Amino acid sequence: MTTIHPSPLLRQALLADATTSGAFGLLMLLAAGPLGHLLGLPEMLLRSAGAVLLPYVALLAWLSLRDEMYKGLVWAVILGNILWAADSLLLLVTGWVSPTNAGYAFAIMQALVVLMYAELQIMGLRRSHEAAV
């Protein structure tokens, strides 16, 4: 596996992703009932999404503190972000849920933020240097 010395941008993008994901994960996990009512999204969907984000946050935090990172693991994070954003938008167009206007705004905005993190992580990865073997 190829290892890299992460650029400052990559570290900051991973840490910012962890911070945002942690805040929203806790919010969705702990306030799924009120959020579900406000957003028109199923409480179990919000609670499950919040629970999924917590180990992801731990991975991002751990990764952002590493002196060397596996390039493939960084790509897995990036692809995970792209899939999360795509799934969020797919949820809106399939009719599986009936969100309120606030729910549409929430899903679209968080998908855009996740895509922004993916782009920043790609830029940071490009600025990183391969570690000597």
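A quick note: this is a predicted structure, and the numbers were derived from the prediction, not measured. Hydrogens, waters and symmetry mates play no part in the numbers below; they use all other heavy atoms, side chains included.
Within the 4.5 Å cutoff, the side chain of Trp75 has heavy atoms near those of the Ile122 side chain. Using a 4.5 Å heavy-atom threshold, the side chains of Gln121 and Leu14 count as touching. Proximity of Ile4 to His129: side-chain heavy atoms (C-beta onward) are nowhere separated by under 4.5 Å.
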Check: residues 49-62 side-chain donor-acceptor pairs under 3.5 Å, at least two apart:
from, atom 1, to, atom 2, distance (Å)
Tyr56, OH, Asp17, OD2, 2.8
Tyr56, OH, Asn81, OD1, 2.8
Tyr56, OH, Asn81, ND2, 3.4

Check: residues 65-74 side-chain donor-acceptor pairs under 3.5 Å, at least two apart:
none

Report, one line per pair, each donor and acceptor closer than 3.5 Å where one atom sits in a side chain of residues 33-44; sequence neighbours left out.
from, atom 1, to, atom 2, distance (Å)
Glu43, OE2, Arg47, NH2, 2.5

Enumerate donor-acceptor pairs with a distance under 3.5 Å from any side-chain N or O in residues 104-111 to protein atoms, sequence neighbours excluded.
from, atom 1, to, atom 2, distance (Å)
Gln110, OE1, Trp84, NE1, 2.8
Gln110, NE2, Ser88, OG, 2.6
Gln110, NE2, Ala107, O, 3.3

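Contact detail for Ala118 and Ile82: the closest heavy-atom pair is CB-CG1, 4.1 Å.
Leu89 and Val97 end up in different hydrophobic clusters when Ile, Leu, Val, Met, Phe, Trp and Tyr side chains are linked at under 4.5 Å. Under a hydrophobic clustering in which Ile, Leu, Val, Met, Phe, Trp and Tyr are joined whenever their side-chain heavy atoms come within less than 4.5 Å, directly or via other members, Leu15 and Phe24 fall into different clusters.
As a member of the Ile/Leu/Val/Met/Phe/Trp/Tyr network built from side-chain separations under 4.5 Å, Leu83 groups with nothing else and remains a singleton. Alongside Leu120, the hydrophobic cluster contains Leu9, Val113, Met116, Tyr117, Met123 (criterion: ILVMFWY side chains under 4.5 Å).
Residues that satisfy the side-chain contact (heavy atoms from CB on, under 4.5 Å) test with Thr94, not counting sequence neighbours, are Leu90, Trp96.
The main-chain N or O of Ser7 is found under 3.5 Å from a side-chain atom of Ser128 such that the two form a donor-acceptor pair.
The salt bridge (charged side-chain N to carboxylate O under 4.0 Å, His left out) pairs that include a residue from residues 104-116 number zero, where partners must be two or more places apart or lie in different chains.
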